[in-house]
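Reading through the structure tokens given below for one structure.
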Amino acid sequence: MRMRERKPVEWLLREGKPGEEYTVAGWVDAVRRHGGVVFVVVRDRTGRMQLVVKKNVSKEAWKKARKLSLESVIAARGVLTESKAALGGRELQVRELEVLSEAAPLPIDIKNPEKTTLAKRLDYRWLDLRNPRNKLIFLIESEMARAAREWFRRHGFVEIFTSKLVGSATEGGAEVFPVLYFDKQAFLAQSPQLYKQMGVIAGFEKVFEIAPAFRAEPHHTTRHLTEYTSVDFEMGFIDSYMDVLETALQVIIEMVKAALEKYRDEIKEYFPDAILEVPRYKIISMEEARDILAAHGKELPPDADLDSEAERLLGKIMSEQGYHIVAVTRYPWACRPFYTMPCTCGEGGSFPECCENLRPDTPTCSFDILFRGLEVATGGQRQHNPECLVKQLKNKGLHPESFKWYIEMFRHGAPPHGGAGIGLERVTMQLLGLKNIREARLTPRDPERLTP
RNA sequence: GCCGCGGUAGUAUAGCCUGGCCUAGUAUGCGGGCCUGUCAAGCCCGUGACCCGGGUUCAAAUCCCGGCCGCGGCGCCA
């Protein structure tokens, strides 16, 4: 049988002519043996259809069909017929059957993913993803990445591809993976942060990147990966960090919208906890967030980040008011990286004096975006005054010498700018209501797992 | 990194607390048989497991210690 004659299942069910002979090929989805007749359900990328293999039509094909194992790859040729009993209303009366690749007994239950632990499913990811529910997660991610990319391009952002091998840690040092770079010490980039800024300063003005980021934190939770996809952008000539926040929100909305427009029915079918409408958002300040939380019995000190309990609580309160997305602004200096623009500078320009007396609770021009109570994005305005940067580095206990080229970059004309990073897998997880972020990554990496 | 829970056929589980009655039960898968209209096919027969190492004991799936792995929480973060 020739593969070039192969017809997709969807096409056969819709447009094939009954009475004509066709070739299909795909995976064995089900086999039902009934003595002289064997029903085989074949599955390809476009759908599933029933093959009928009768002993009195082709004894040879019938013999092969009886022995088919689930998930083997087969090709079949036969006459398309109408059949009320068949799934899709049509079936193929097989004259010729070929086993292209025989499948060994399956180690996991593909039909019912909930009957196998996630760890086991991940060990056999290539089988796990044959399940339509699991496969859908990645069709959605593909769609969301496309939507984000197209949105950026439509709005004048340039796609860049930054180094993932870096010479120094971006923000501290503890959470980066060290790698041996010939005879030197290097690291895997935990964020494209510094390079995005370089893109803006180089004159691209607006840049974005959709690429992996690496975090060496040994988290054992349902929402952390050591390698994830970051949807990052950076934009110059902003009036304030609110321009950045608006952009981040629009991108997230655009991603969710695209996923829902294309896959709403499937999402509804497979993910009972998913959101089916484009979420509304609300922007509040850290001060307001603290007041709301305090009113619900959760007190936070003025220099503290929202802990995961606070995030969940805030997410719940805001969701009940109809806002699945809430952006929290003005994070205290103590919780933000050294390059963050403090609110004492920020609006209206940055001068050497404005970053003098930074205290742990000094508000910064920054924000986090929570989607159903989980942080999915972080961003803000960056400090573009090199003198301030040095002060801010020192304030954080870092050594300016380690960031030499970074600081140097701001001495040759750096526009006011800011950006954000959006966690693709986290958006997917919260959109679909997944219980574990590992489900949203093709081959997840956590502190223990390095294969497949 | 810290804390808690766990590891039994291919998969998912019962048994563990209160050691012997376990020749380790059940479901599903897998192998074989019957069956020409099934679609979670059915019926009959069969196959298959106590994570690794050490200890306690007359006796360990069961109790203790260590390791590895898994699940989750926290800190932190996308």
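Protein chains get the first letters and strands the later ones, always in sequence-line order, with residue 1 at the start of each. Computed from a prediction, not measured in an experiment: that's the story for all the values here.
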For [X] and [N], what is the distance between atoms [atom1] and [atom2] respectively, to the nearest whole Å?
X       : N      : atom1 : atom2 : answer
H220(A) : G73(B) : NE2   : P     : 11 Å
R215(A) : G75(B) : CZ    : P     : 17 Å
L431(A) : A78(B) : CG    : P     : 21 Å

Taking the same atom, [atom1], in [N] and in [M], what whole-Å distance lies between them?
N      : M      : atom1 : answer
C2(B)  : C63(B) : C1'   : 27 Å
G54(B) : G73(B) : C1'   : 31 Å
C50(B) : A60(B) : C1'   : 11 Å
U56(B) : U11(B) : P     : 33 Å

Of the nucleotides U11(B), G75(B), U38(B), which one has an atom closest to the side chain of A85(A)?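 The listed nucleotide nearest to A85(A)'s side chain is U38(B).
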Please work out which of the three classes, parallel, tilted or perpendicular, describes the rings of [Y] and [X], given edges at 30° and 60°.
X       : Y       : value
Y241(A) : F367(A) : parallel
F208(A) : F152(A) : parallel
H224(A) : H219(A) : parallel

Which heavy atom of A420(A) sits nearest to which heavy atom of K196(A), and what is that distance?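 Answer, listing the atom of A420(A) first, then K196(A): O-NZ, 3.3 Å.
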Heavy-atom closest contact (F371(A) atom, V427(A) atom, distance):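 For F371(A) and V427(A), the tightest heavy-atom pair comes out as CE2-O, 3.8 Å.
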Between [X] and [N], does any side-chain N or O lie under 4.0 Å from OP1 or OP2?
X       : N      : value
R312(A) : C74(B) : yes
T221(A) : C74(B) : no
S230(A) : A78(B) : no

Is there aromatic stacking of Y228(A) on A78(B) here, judged by a ring-centre distance under 5.5 Å and a plane angle under 30°?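 Here the ring of Y228(A) and the base of A78(B) are stacked, with centres under 5.5 Å and planes under 30°.
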Look for any protein N or O under 3.5 Å of an N or O in nucleotides 33-36 of chain B and output each such pair with its distance, or none.
| unit_1 | atom_1 | unit_2 | atom_2 | d |
| --- | --- | --- | --- | --- |
| C35(B) | N3 | G35(A) | N | 3.3 |
| U36(B) | OP2 | G36(A) | N | 3.0 |
| U36(B) | O4' | H34(A) | O | 3.4 |
| U36(B) | O4 | N56(A) | ND2 | 2.9 |

Base partner of U36(B), which must satisfy Watson-Crick or wobble distances under 3.5 Å: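 Result: none.
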Are E234(A) and K206(A) ion-paired here, with the side-chain N under 4.0 Å from a carboxylate O?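 Answer for the salt bridge query: no.
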When you measure only distances, ignoring hydrogens and angles, does the side chain of R426(A) come within 3.5 Å of the base of C77(B) through a donor and an acceptor?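 Answer is yes: a donor-acceptor pair is held.
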Given the structure, check if the side chain of E309(A) and the base of G73(B) hold any donor-acceptor pair shorter than 3.5 Å.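 Flag unset: no donor-acceptor pair detected.
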Using the side-chain contact (heavy atoms from CB on, under 4.5 Å) definition, which of the options Q381(A), Q193(A), Q392(A) pairs with Y339(A)?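 That would be Q193(A).
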